[in-house]
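This structure is in structure tokens; I'll ask about it shortly.
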Amino acid sequence: MPILKKQDPKIYKAIQGELKRQREGMELIASENYVSEAVLEALGTVFTNKYSEGYPGRRYYGGQEFTDVVENLAIERAKKLFGAEHVNVQPLSGAPANMIAYSAVLKPGDKVLGMDLSHGGHLTHGHPVTLSAQVYDFVRYKTGADGKIDYKELEAMAIKEKPQMILAGFSAYTRQLDYKKFAAIAKKVGAITMFDIAHIAGLIAGKALPNPVPYFDIVTTTTHKTLRGPRGGMILCKEKFAKAIDKAAFPGFQGGPHMNNIAAKAVAFGEALKPSFARYAAQILKNAKVLEIELKKYGFKIMFGGTDNHMVLVDVFGSKGVTGKEAEKALDKVGITLNKNMIPDDPRSPMDPSGVRIGVPAVTTRGMKEREIVKIARWINDVVENHADEKKLKVIHKEVIALCKKFPVYGNLK
Ligand code: DSN
């Protein structure tokens, strides 16, 4: 970046610092990943200059011969990846994608069943602090006594509440959803089905998890988590909702789409269509399972009874008497990044909850496999148990950097 270095050294320095952090750090935030250098290249292009309100072939401004190419390719590739009838690649991210989808098919005040945040749902699924909860009447379902979604209870709730929509999707729930059962419950009460697959989209694209798209009316996602694309959102839906979704995205909710981002989405979807992506997705599941098994050996309580996807939710406070915040902070010191997280019905506060969420998509992108995950689990235990021992933390930090250097990322970036 020779021009930036000269023109704006402060920003250049921060970017270099972040690059070093990402190269030398063990990234275990379940929603983060490393995009390819091709995706980064597409993001930093002249498409950032272009306004293109509307859709391919019907835009409001001129000069769209190249924007149409990238948006059409992104749509075509996403359709192929997920077997979707209709795709809108314009949502700026996951939260707007969800608001767009709600507004396309619901009226203000309509009732939606969505999963409780502390049970693994997401803020935009009707948490009281969000706009979604101000506009729609969200009723929250929870996991049952065995830590999994209780379909009988969900059905009873659906019959009682008569919602217009039943929403699936999670940012911390780690078990596989029974798509058929879920859709059958919605059908019984005449509700629209929506699934926010943001966390697991890459696992679905890589065929490590079954595809929910045939079972749901609307599927929303981000493109930057397991799917390993640029930060952004996307909506997949049945043809009968296509017009409403497109209209709700533009002009309903957003203005001009970010075309550099859409170009980068197209590149990422192209990568996800390759056989190597399926191997990546399969390895994520193997790594997460090893993490679950190893952490259990160290006496950590794994929420929901275990994992079927890319992450585990751990009750560190209940297991080791260390809060989620303390664990996050101590792990940060050794270069292991993850996030504190509520556990179901957490007695502690969201800013210092009982749990931590640990995900393996980013380390799997680096090429780490079962052997490395065993080491990572050992470090997590050592750090949590010795979180106040600065000397020990320093030793572990050196070991973490050494392992990360064996699995380099962004070799061509300067
Ligand atoms: N912030 C994302 C996550 O970490 O799950 C969801 O929005």
Side-chain angles (χ1 to χ4, degrees), residues 18 21-22 25-35 91-102 114-133 138 140 143 167-175 177 194-205 209 219-235 253 261 265 268 284 288 291 303-304 307-314 316 324-325 327-329 331-332 336-344 346 350-365:
E18 178 61 16
R21 192 192 70 80
Q22 290 192 19
M26 192 69 74
E27 187 51 73
L28 296 177
I29 291 180
S31 48
E32 293 187 13
N33 214 329
Y34 297 100
V35 298
L92 300 178
S93 204
N98 285 343
M99 287 306 286
I100 289 164
Y102 301 147
M115 198 179 202
D116 189 88
L117 180 65
S118 82
H119 284 245
H122 188 253
L123 271 174
T124 59
H125 300 177
H127 190 277
V129 299
T130 64
L131 181 65
S132 61
F138 274 87
R140 280 170 286 282
T143 49
L167 173 61
F170 331 105
S171 59
Y173 183 62
T174 54
R175 304 323 296 250
L177 183 73
M194 174 169 150
F195 191 2
D196 175 351
I197 60 166
H199 265 266
I200 55 172
L203 302 175
I204 294 163
L209 291 182
V219 171
T220 60
T221 185
T222 51
T223 49
H224 49 270
K225 296 186 174 89
T226 48
L227 192 49
R228 213 165 57 185
R231 300 195 78 87
M234 171 164 72
I235 303 175
F253 196 82
N261 201 277
K265 284 176 188 173
I284 288 179
L291 184 64
M303 305 313 298
F304 314 119
T307 184
D308 301 319
N309 58 29
H310 58 297
M311 61 186 164
V312 290
L313 182 64
V314 184
V316 271
K325 187 176 163 186
E328 179 191 289
K329 210 169 145 204
L331 285 157
D332 235 356
I336 295 179
T337 327
L338 45 65
N339 65 283
K340 56 184 173 294
N341 211 98
M342 306 275 279
I343 60 167
D346 203 325
M351 285 314 287
D352 192 9
S354 301
V356 291
R357 187 185 63 164
I358 316 175
V360 296
V363 294
T364 309
T365 292

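As the structure is a computational prediction, the values presented were derived from the model and not from experiment. One-based numbering, in listed order, for ligands and for the atoms of each. The analysis underlying the following values was restricted to heavy atoms, covering all of them including side chains, and did not include hydrogens, waters or symmetry mates.
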I need the nearest protein heavy-atom contact for atom 7 (O) of ligand 1: residue, atom name and distance, please.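 For atom 7 (O) of ligand 1, the nearest protein heavy atom comes out as H122 NE2, 2.7 Å.
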Answer with yes or no whether H199 contacts ligand 1, where contact means a heavy atom under 4.0 Å from a ligand atom.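 H199 counts as a contact of ligand 1 under the 4.0 Å cut-off.
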Would you please indicate yes or no on a ring centroid separation below 6.0 angstrom for F304 and F170?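 Between F170 and F304, the centre distance exceeds or equals 6.0 Å.
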For ligand 1, which part of E32 has a heavy atom less than 4.0 Å away: the side chain, the backbone, both, or neither?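 None of E32 does.
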Less than 3.5 Å between some nitrogen or oxygen of S31 and one of ligand 1, yes or no?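 Yes, at least one N or O pair falls under 3.5 Å.
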Under 3.5 Å: donor-acceptor pair, side chain of H310, backbone of I284: no
Is there a donor-acceptor pair under 3.5 Å between the side chain of N261 and the backbone N or O of R231? yes
Would one find an N or O of K225, backbone or side chain, under 3.5 Å from an N or O of ligand 1?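 N/O-N/O distance under 3.5 Å: no.
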For the backbone of S93 and the side chain of T222, can you confirm whether one donor and one acceptor N or O come within less than 3.5 Å of each other?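 No; zero donor-acceptor contacts below 3.5 Å.
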Give the atom numbers and elements of ligand 1 that come within less than 4.0 Å of a heavy atom of S171.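 Atoms satisfying the 4.0 Å criterion: 5 (O).
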Note: R140 and D116 closest approach over all heavy atoms is CD-OD1, 3.7 Å
